[in-house]
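Please read the structure below before turning to the comments.
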Amino acid sequence: MANWISNGADTGGSGAYSPGSQSVGYILANYAVANGDTITLPTGTFNWSTGISCSKSITIAGSGYAPNGSVGNVAAGTPSATPGAPSLATVINWINTGAVNAIACTAPTTGNLFRLSGISFTGIAQNSSGPGPGYLGLSGSPTTDRFRVDNCRFDMTSFYGTMVFLSGNQRGLIDHCTFQGGVACEMIHNSANGAGNTAGWQDDIIPGSVQCVYIEDCIGQLWNYTTQTNKGATALIQNYYGARTCVRYTLLNFCHLDVHGTPGSVGGRWFEFYCNQLYLPSGITGNQTIYQLRGGSGIVFNTTVTGPGTSLGDTTSVYLFTDENPPYGSTNPPYGPGAGIFSGGATQGPASSPVYVWGNGTGVNAASTAPIAVNSNYFVSTTQPGSMTISEKASQIPATTYSYSPYTYPHPDTGLSSTPGTGLTAQTDLSITKTLIGVTSGAYSPPGNNWVGLFSTQFSNAAKAGAVEWLSSSDTTYVRQGMGASGAGWTISAYSSGVGVTFKNTNLILFPGVASNAQTLYSLGFLDSGTLGSGNINFFIDMGNNGQLSVSIGVSVWLPALTGAVFTTN
Amino acid sequence: MLRRSFLAFAAGNGLTAQTDGSITNTLIGKAGGYTSPTNNWVGCFTGNFTAAAKSAATAVEWLVANDGAYARQAMGASGAGWTVNAYLSGTGVVWTNTNTITQPAVTLNAQTLGAIGLMDSVGPTGGNANFFIDVASPLSVAVGVNVILSGGGSPGLTFTTY
């Protein structure tokens, strides 16, 4: 562990500091930093003019959410800062406009994880000339150490370019991060094996596996997205040259996901896009796709659209077309979309491994441009087909069938529970047990009232503890809501055979509108005290499916009467 | 928006229906809550409480008139007789009987053991069954035979609060 004691003058990488400045670059150059070590950055805003390079799998962590890390918990994977949400207190302002990253890491193979966490990046990431170095560059291969980038904010405001540049088909995870850029911004650029390199089309693909770069629980947004009418080519991620990417449970504020084909080169290889949501502002006039698929193959499902545009009848599309140079099907390997593995110099044809699209919400349409055709290059259905055709392994040539299952969510590298919980907290499990058998010391104390609290992280089914409650220092109107003394506020049903005793909130429970910073709602706790920071959490409800809600300023959390919180004792 | 939650005991093994109701009141601080027993007495029942009814009335306790030696066995005052483990992630709080519990040998008539009930009074009748364990295949207990619940490392009674 290397603790960086800032003198407030760090300017980034080598040559731009004196030994006393203790910059990240100085630590890397002069301390025996080993794989698995952590460099902790302090609170502050630092203008970096030179970048740092790293070839070790270390953790570079900011100080967490403001103020002074007391809001949120980076280690616990607090969901990312939505616009206006608790801000990250460590800010790197990247003022270099040349072809260099603020932080660049080339992955070794050590069994460790490279992690970047809890830092806000601002400034003009590059010279606005297109894909290239930006805030962060990560390179490796499918067999080198993986990366995790979490709880960071990457913000180019209205400028366009690339903020995170990935190369080598290194495996990794980007979670709970917020990206913002201007029109045509390629916020994340996955260059995979590089232009003209067919290596990424010759290895085996295993759907729903760790092979992908995973982007989950993130926000991608076009600058000023609520008033824009044409997002153009603005993309959270663009995938090239054999890339394989999964984007899930991510909010796209008027930007899209792109699997590229580049005429004369090779396209992205594999994609899994699901459970994402697109926000459409009103009055859109231009590109309205959510997934722009011009190469490779994969699956797309459970996509929804929201925002005022939907009330005007605006829709979004899963749009498939090809970037191949004509004549179509002449490229080796072919782009597809719907193309399979390129093996032994032989192509399986541009529709050998179709794309499957299913279960998308109202206002999400599938469309294509010839020669890409439905029921050939891709299939559309309301539910997942029982059997799907695939040709992504040498052993699957010419094609076989498979049944898709998503990779573990949350990604195991988050350390978060994959099973949200509900019910008694771990503490209550113990105290109520003592009550049941008559042990007096440590027995459960019935609450004088039940207060409902809001939490920004989950309790989880395993720990049933540890969630972080909202703070009045972050949301000045936040207070726990009392349900009523002596059990008032609960409706208890008589024991029902095979069901048990059900109890539910009798009345609407309404929290004040969020005032000062947007919040994240991950779980509810029922406490025995109305004083923030005090009392016991007796029972809880995590949001289902590990989902969390972003609660914007002015928005109230409310639990409808008789359905908001339902428990059963059985 | 929010899901149903279960305060979990496995059906057919856990709280009685009556305790489901009273412990719910306790959890939320309402009158009519659970009364902690001063001691836990182990009773024998002919049938199952069943997963649906979870009722001592359904199970029917042994009677002295039928087994002249029958008596509920006390485990110890104030929770003594139970070993309560700390919460274990993903498992919950496991609690077991610490010591061996031995019923007197059956006299008069052979009995059927369909369930064990944990009672809040010495009995041999009356009181409340707080929690129970059904025997999946009821056992015949011949005259002269004792019902024994082992303790220690192979406890006869194991519950989990989760």
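We name chains A, B, ... by the order of the sequence lines, and we start the count at 1 in each one.
- Using the six-membered ring where Trp is involved, F132(B) and F49(B) have ring planes that are parallel, under 30° apart on the 30 and 60° scheme.
- For W470(A) and Y522(A), the distance between ring centers is not under 6.0 angstrom.
- For a residue to count as touching a neighbouring chain, one of its non-hydrogen atoms must lie under 4.5 Å from one of that chain's; by this rule T38(B) does not touch chain A.
- Interface residue N85(B): only backbone heavy atoms are found under 4.5 Å from chain A.
- Side chain of N130(B) to backbone of M119(B): no donor-acceptor contact under 3.5 angstrom is found.
- For A463(A), the part lying near chain B is the backbone, with the side chain staying farther off; criterion is any non-hydrogen pair under 4.5 Å.
- Using cut-offs of 30° and 60° on the angle between ring planes, the pair F159(B) and F131(B) is perpendicular.
- Contact annotation for A53(B): only backbone heavy atoms (N, CA, C, O) come within less than 4.5 Å of a heavy atom of chain A.
- E469(A) places no side-chain N or O within donor-acceptor distance of the main-chain N or O of A467(A), the cut-off being under 3.5 Å.
- Using a distance-only test at 3.5 Å, with no hydrogens or angles considered, a donor-acceptor pair links the side chain of D67(B) to the main chain of T107(B).
- Of the atoms belonging to N450(A), it is side-chain heavy atoms, and not backbone ones, that fall under 4.5 Å from chain B.
- Options T433(A), T428(A), T425(A) differ in how many heavy-atom pairs under 4.5 Å they form with chain B, and the most are formed by T433(A).
- Of the listed residues (P37(B), S89(B), S36(B)), the greatest number of heavy-atom pairs within a distance under 4.5 Å of chain A belongs to P37(B).
- Cation-pi geometry between K464(A) and Y162(B) is satisfied (NZ or CZ under 6.0 Å from the ring centre, within 45° of the ring normal).
- Residue T16(B): no heavy atom, backbone or side chain, is found under 4.5 Å from chain A.
- For I492(A), the part lying under 4.5 angstrom from a heavy atom of chain B is the side chain only.
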